[in-house]
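The chain is numbered in sequence order, starting from 1. From a predicted model like this one, the values you see are computed outputs, not experimental measurements. Keep in mind that the numbers below use all heavy atoms, side chains included, and drop hydrogens, waters and symmetry copies.
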Amino acid sequence: MKTGPTNIEPYLGIFGRYLREQGLPVTQQRIAVAKAVFSSSRHQSVEDLETVLRAKDFRLGKATIYRTLDLLVRSGMVEEHDFGEGLKRYEHRLSRDPVHHHLVCTESGEVIEFRSEELRRIVEETAARHGFRPTHHKLVIFGLSRASQESGADVPYRGITCPIETT
């Protein structure tokens, strides 16, 4: 499980510096969104962040949250994910080991992070074999979590069916 920093103030300062370098104002709204992202170990959607911010008496529109997330992603402090749910999820990159992969439960939406030295080695060897210099990579495995399987969820068969019966 990814953990975030216990003290996010230095990261808020870095984000503030990034905003100033881009010629943008450091607003309370932008800092509130950054705090909500940096303080969580979850992969949050805009709706998740909106709920967190409302609980802290910040009434921000989704457009403000989206624009701030875009700035956080461009700053390199936050990563955007598309886990095939029809929405984006965001996670900070402030953990001690930001390189990790994801298992996504298609039943519950649970996201499980994992690290693999074998995958790291395969990426490096494959890139070297092809004279390729990788900058980054992503692996997302979709399926059913243990909890979803135990609650009776099953993977529906999605093979090709023929409308003409043959005998």
Side-chain angles (χ1 to χ4, degrees), residues 1-22 24 26-124 127 134-149 153:
M1 174 68 76
K2 175 182 59 135
T3 58
T6 54
N7 178 11
I8 64 169
E9 291 303 318
Y11 301 104
L12 295 173
I14 292 168
F15 180 54
R17 185 176 68 212
Y18 172 80
L19 292 171
R20 287 188 294 278
E21 287 171 355
Q22 301 302 307
L24 299 169
V26 179
T27 65
Q28 279 187 310
Q29 294 87 348
R30 288 176 175 158
I31 295 302
V33 172
K35 277 184 183 179
V37 175
F38 295 161
S39 299
S40 176
S41 62
R42 296 181 56 235
H43 301 78
Q44 300 180 95
S45 66
V46 169
E47 289 74 19
D48 295 333
L49 289 165
E50 187 177 36
T51 300
V52 167
L53 292 163
R54 283 187 191 273
K56 295 181 182 197
D57 288 329
F58 276 98
R59 306 274 185 234
L60 302 180
K62 285 185 181 170
T64 300
I65 297 170
Y66 274 113
R67 283 192 300 270
T68 304
L69 287 168
D70 183 54
L71 291 168
L72 285 162
V73 168
R74 284 194 281 150
S75 76
M77 299 179 81
V78 170
E79 190 167 355
E80 178 183 84
H81 296 286
D82 182 348
F83 293 133
E85 306 166 286
L87 53 86
K88 304 272 192 230
R89 292 200 176 268
Y90 301 85
E91 72 173 322
H92 63 72
R93 300 184 66 211
L94 309 179
S95 66
R96 290 186 184 269
D97 185 10
V99 177
H100 59 271
H101 307 285
H102 300 97
L103 301 169
V104 179
C105 180
T106 56
E107 181 72 17
S108 68
E110 178 185 8
V111 178
I112 302 165
E113 292 182 350
F114 71 97
R115 289 156 185 77
S116 170
E117 280 302 309
E118 294 88 355
L119 283 173
R120 184 193 58 75
R121 183 181 48 74
I122 290 168
V123 167
E124 288 175 1
T135 58
H136 62 282
H137 68 277
K138 287 184 182 183
L139 173 66
V140 180
I141 301 172
F142 296 91
L144 296 175
S145 67
R146 180 175 290 130
S148 290
Q149 292 174 67

Spacing of I8 atom CD1 and K35 atom NZ [to the nearest 0.5 Å]: 6.5 Å

Is any NZ, NE, NH1 or NH2 atom of the basic residue among R121 and E117 found under 4.0 Å from an Asp or Glu carboxylate oxygen of the other? no

Going by heavy atoms in the side chains, are Y90 and I65 under 4.5 Å from each other? no

What distance do T64 atom OG1 and F58 atom CZ have between them, rounded to the nearest 0.5 Å? 12.0 Å

Considering all heavy atoms of both residues, which atom of E9 and which atom of N7 are nearest to each other, and what is their separation? N-OD1, 3.1 Å

Heavy-atom side-chain contact between L72 and F38 under 4.5 Å: yes

Between L12 and A34, the two heavy atoms sitting closest are CD2-CB, 3.7 Å

Just wondering, do L49 and L60 contact through their side chains at under 4.5 Å, heavy atoms? no

Sorted by chain and number, sequence neighbours left out, side chain to side chain contact (heavy atoms under 4.5 Å, CB included) with S45 holds for E47, D48, L87, R89

Measure the spacing between CD of E80 and NZ of K88 and express it to the nearest 0.5 Å. 5.0 Å

Would one find more than 12 heavy atoms of other residues, nucleotides or ligands at under 6.0 Å from atom CD of Q28? no

For residues V52 and Q44, determine if any side-chain heavy atom of one lies less than 4.5 Å from a side-chain heavy atom of the other. yes

Could you please spell out the steps behind the side-chain contact (heavy atoms from CB on, under 4.5 Å) verdict for R59 and R54? CA-CA 6 Å; R59 306 274 185 234; R54 283 187 191 273; 3.3 Å; yes

Can you give me the closest heavy-atom contact between A36 and L53, atom names plus distance? CB-CD2, 4.2 Å

Donor-acceptor pair, side chain of H92 and main chain of S39, under 3.5 angstrom: no

Distance in Å, R67 CZ paired with L24 CG, rounded so as to fall on 0.5 Å steps: 11.5 Å

Report the distance from atom CD1 of I14 to atom CZ of R17, rounding to the nearest 0.5 Å. 6.0 Å

Separation between CZ of F15 and CZ of R30, rounded to the nearest 0.5 Å: 7.0 Å

In short, S148 meets E107 closest at the heavy-atom pair OG-CB, 3.5 Å

Which pair of heavy atoms, one from G13 and one from R20, lies closest together, and at what distance? O-NH2, 4.4 Å

On a heavy-atom basis, which atom in C105 and which in S145 lie closest, and how many Å separate them? SG-N, 3.3 Å

